Structures are given as C-alpha cells and as structure tokens.
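The structure under discussion appears below in the form of structure tokens.
Note that the structure is a prediction, hence the values are computed from the model and not measured. Positions are given from 1, in the same order as the sequence printed here.
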Amino acid sequence: MRQFDFTPFRRSTIGFDRLFDMLEASARQASSENYPPFNLERLAEDRYRITLAVAGFKSDEIDITAQQNLLTVSGKKQESESRAANESAFLHLGIANRSFERRFELADFVRVESANLADGLLTIDLVREVPETMKPKKIAVTTGEAQPSIEHKAANAA
C-alpha cells in the first residue's frame with residue numbers, strides 16, 4: 001500500500017492531529033491484519049452495524065470493550081481437554097482457530113447498543129447519540145412594534 005505523507009497538512013492545519021494520527025495508524029494496521037473478516041453497514045443516519053465472521057468461537061471466548069472513541073473486539077480460543085484427549089488427526093484445517101484482536105475507531109457520541117453472536121457471525125449494533133446541548137438549535141425570530149427613532153435636533157443659533 002502506498003504511504004501518504006501528511007507533513008504539509010500538519011503544518012497548515014490546527015486541531016487535526018488526531019485525524020492524521022488515525023489515518024496513519026489505520027494504514028499501518030490495514031496492511032498487517034485481515035482476520036477476522038468483517039462488514040461495516042450503515043442502517044440509518046445515526047445507526048451502524050459491524051458484522052464479524054468468528055466461526056468456531058463461543059460467546060465466552062469473545063470480549064468486546066468500548067472505550068471513548070475506540071471499540072476493541074478480541075477472541076481467545078480456549079484449548080479444550082476433550083480435543084487433547086481425542087487427538088484427532090486433521091487432514092485439512094481450514095477453519096481458523098487463532099486468537100484475534102480487531103480495533104475500530106468510533107466517532108464522538110457513538111456507543112455500542114447491542115452485540116449478538118449467531119451462526120458464526122458476531123453482530124455489533126452502534127448508535128450515534130448527540131447530546132441536546134450539541135445539536136443545532138432553531139432560533140425563533142420575533143416581530144414586535146418598531147422601536148421609536150431618536151431625533152437629533154440641531155441647536156438653533158439665533
């Protein structure tokens with residue numbers, strides 16, 4: 001992947017450091033990690049869904065942590081004693097059983113609404129809730145009587 005140099009933008013902008021850091025970090029991460037595969041979906045103007053393919057993982061093997069502006073989904077396979085006792089010989093091992101950690105940068109005011117694991121797919125629903133104080137407000141323009149004008153009388157020079 002091509003690397004972008006954000007130095008000229010960093011010199012001429014103020015307050016965008018976090019944005020440039022996120023872009024650089026995501027470029028580094030995108031080239032190194034692609035497991036588990038996932039979909040990002042926009043359901044409505046302020047509702048989103050992340051779907052991860054986590055075949056073979058149970059709900060107690062998956063950990064979802066939401067911090068301010070960061071969602072971390074990790075899976076850790078537990079080595080079961082029953083598999084060790086059986087010692088079956090796989091002819092082909094195509095289902096990944098490795099542990100993973102996937103990070104998603106969240107915008108301000110985005111929170112996790114729910115998480116559901118069904119049929120090997122982990123579905124995480126997100127919602128953006130902007131506080132009332134941050135929402136744009138419509139200011140009503142009132143009409144009333146015209147204000148009296150101030151008259152300036154010139155002094156009579158008699």
Side-chain angles (χ1 to χ4, degrees), residues 1-79 92-152:
M1 179 175 183
R2 177 188 291 176
Q3 294 292 326
F4 293 102
D5 183 16
F6 293 111
T7 306
F9 299 110
R10 287 182 186 269
R11 284 192 299 250
S12 61
T13 58
I14 298 172
F16 291 94
D17 296 336
R18 182 170 173 257
L19 173 66
F20 295 132
D21 291 343
M22 284 184 348
L23 289 171
E24 289 170 347
S26 68
R28 281 192 303 271
Q29 184 180 11
S31 63
S32 64
E33 184 62 39
N34 60 1
Y35 177 76
F38 66 94
N39 292 337
L40 294 176
E41 197 175 354
R42 186 177 192 165
L43 303 174
E45 183 178 339
D46 57 354
R47 302 184 70 77
Y48 303 91
R49 177 174 290 156
I50 301 171
T51 305
L52 289 104
V54 291
F57 283 86
K58 299 176 192 164
S59 60
D60 61 342
E61 297 172 330
I62 296 174
D63 185 38
I64 301 172
T65 305
Q67 299 173 359
Q68 181 184 6
N69 299 342
L70 181 66
L71 175 67
T72 306
V73 181
S74 58
K76 180 136 176 100
K77 280 304 268 184
Q78 298 172 352
E79 197 60 41
H92 174 72
L93 187 59
I95 299 174
N97 278 335
R98 64 182 186 264
S99 298
F100 68 89
E101 181 175 272
R102 179 66 84 165
R103 295 174 182 261
F104 299 95
E105 293 282 339
L106 302 177
D108 293 335
F109 312 117
V110 173
R111 68 172 180 83
V112 176
E113 187 175 48
S114 64
N116 183 33
L117 179 63
D119 299 328
L121 296 175
L122 175 64
T123 305
I124 303 170
D125 289 323
L126 306 166
V127 63
R128 180 176 46 210
E129 293 178 340
V130 179
E132 286 295 322
T133 56
M134 301 293 284
K135 290 182 180 177
K137 290 182 244 177
K138 188 78 169 172
I139 307 298
V141 178
T142 59
T143 58
E145 294 181 21
Q147 298 293 324
S149 61
I150 298 174
E151 292 184 27
H152 178 61

TODO: Evaluate side-chain contact (heavy atoms from CB on, under 4.5 Å) for R102 paired with T72, printing each intermediate quantity in order.
DONE: CA-CA 6 Å; R102 179 66 84 165; T72 306; over 6 Å; no

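- Taking both residues in full, the closest heavy atoms of P36 and V54 are given as CG-CG1, 4.3 Å, listed atom of the first, atom of the second, then distance.
- Here the CD1-OG1 distance, from I124 to T51, works out to 8.5 Å after rounding to the nearest 0.5 Å.
- Residues I50 and L71 have side chains in contact (heavy-atom distance under 4.5 Å, counting atoms from C-beta outward).
- With a 6.0 Å radius and a threshold of 12 heavy atoms from other residues, nucleotides or ligands, L40 has its CG atom above the threshold.
- Side-chain atoms of R128 come within 3.5 Å of backbone N or O of E45 as a donor-acceptor pair.
- The closest donor-acceptor contact from the side chain of K137 to the backbone of E132 lies at 3.5 Å or more, if one exists at all.
- F38 CZ to T123 OG1: the interatomic distance, rounded to the nearest 0.5 Å, is 14.0 Å.
- Remark: R103 does not engage E105 in a salt bridge, criterion side-chain N to carboxylate O under 4.0 Å.
- Taking the side chain as every heavy atom from C-beta outward, N116 and L122 never approach each other to under 4.5 Å.
- Residues F104 and L126 have side chains not in contact (no heavy-atom distance under 4.5 Å, counting atoms from C-beta outward).
- In this structure, R98 CZ and K77 NZ are separated by 13.0 Å, a value rounded to the nearest 0.5 Å.
- Note that CG of D125 and OG of S114 are 4.0 Å apart. Values are rounded to the nearest 0.5 Å.
- Between S99 and K76 the shortest heavy-atom distance is OG-CA, 3.5 Å.
- Nearest approach of A115 to I64, heavy atoms of both residues: CB-CD1, 3.6 Å.
- Side-chain contact check for E129 versus F109: every heavy-atom pair is 4.5 Å or farther apart.
- A distance of 8.0 Å separates CG of L93 from CD1 of I95, quoted to the nearest 0.5 Å.
- Scanning all heavy atoms of the two residues, the minimum distance from F57 to G75 falls at CE2-C, 3.8 Å.
- Side-chain contact between L117 and I62 is present, with at least one heavy-atom pair separated by less than 4.5 Å.
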